[in-house]
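Below: the structure, in structure tokens.
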Amino acid sequence: MKRTIKPLAILVAVGVIAYVFYQSVQSTRSAPYTMERAHFEGWTVTAESASAPSAPMVSVRPPRDIANGLFRQLFQRAAASMNGPSVPGIALLLQEEFPRSFAGAIVRVL
């Protein structure tokens with residue numbers, strides 16, 4: 001009886017430790033990113049000359065502080081070495097999407 005209790009207790013302890021570790025990792029990754037209320041102002045829409053089909057043609061750019069703050073939070077959660085974006089922005093329209101989606105509609109309006 002003693003021989004079965006010791007391995008079973010070790011197995012249960014390892015299982016509990018693994019479960020607690022998994023829950024801590026999940027809670028860290030699922031926590032929301034935070035931004036200050038003032039960071040929702042000052043965004044600009046930019047039209048860019050795209051050199052590649054996957055490059056943005058129209059994008060929205062946040063103030064510099066937002067990108068740095070969010071990247072810092074991402075780095076702290078992932079604990080991995082990463083490079084931040086050279087020019088922060090969110091692509092609204094890619095170069096390759098324009099001919100398929102909007103070209104005919106814009107020509108008719110103009």
Side-chain angles (χ1 to χ4, degrees):
M1 179 98 165
K2 231 179 186 184
R3 290 184 180 193
T4 59
I5 291 176
K6 196 171 189 180
L8 186 61
I10 292 172
L11 189 62
V12 168
V14 168
V16 168
I17 291 171
Y19 177 75
V20 169
F21 177 74
Y22 176 76
Q23 289 298 323
S24 70
V25 168
Q26 290 300 321
S27 66
T28 301
R29 288 186 176 176
S30 64
Y33 293 98
T34 58
M35 288 178 50
E36 296 177 23
R37 185 176 296 268
H39 287 159
F40 289 101
E41 298 173 359
W43 290 66
T44 56
V45 177
T46 59
E48 303 173 22
S49 59
S51 58
S54 61
M57 185 173 185
V58 178
S59 63
V60 62
R61 302 262 167 110
R64 194 63 142 157
D65 296 345
I66 293 174
N68 292 337
L70 289 176
F71 184 74
R72 192 175 317 109
Q73 291 179 47
L74 179 65
F75 178 75
Q76 289 173 348
R77 290 180 190 193
S81 181
M82 296 182 257
N83 292 328
S86 58
V87 180
I90 301 169
L92 298 177
L93 178 65
L94 299 179
Q95 183 71 28
E96 63 188 6
E97 294 174 331
F98 180 75
R100 292 183 305 197
S101 303
F102 297 103
I106 291 177
V107 170
R108 283 186 232 146
V109 172
L110 295 177

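Tracing side-chain contacts under 4.5 Å through hydrophobic residues (I, L, V, M, F, W, Y), one reaches Val45 starting from Trp43; they form part of the same cluster. In terms of hydrophobic clustering, with Ile, Leu, Val, Met, Phe, Trp and Tyr side chains grouped at heavy-atom distances under 4.5 Å, Val60 and Phe40 are assigned to a common cluster. In the hydrophobic cluster analysis, where Ile, Leu, Val, Met, Phe, Trp and Tyr join through side-chain heavy atoms closer than 4.5 angstrom, Phe98 is grouped together with Val58. Side-chain heavy atoms closer than 4.5 Å link hydrophobic residues (I, L, V, M, F, W, Y) into clusters, and following such links, possibly through other members, connects Ile90 to Leu70.
Shortest non-hydrogen contact noted between Ser59 and Glu48 is OG-OE2, 2.6 Å. Here the closest non-hydrogen pair linking Glu41 and Pro63 is O-CG, 3.4 Å. Closest approach of Ala91 and Pro56 over heavy atoms only: CB-CB, 3.8 Å. Residues Glu97 and Leu92 approach most closely at OE1-O, 4.4 Å, considering heavy atoms.
For the side chain to side chain donor-acceptor pair (under 3.5 Å) test, residues two or more places apart in sequence or in another chain that qualify with Gln73 are Thr34. Considering only residues two or more places apart in sequence or on other chains, Ser54 meets the side chain to side chain donor-acceptor pair (under 3.5 Å) condition with none of them.
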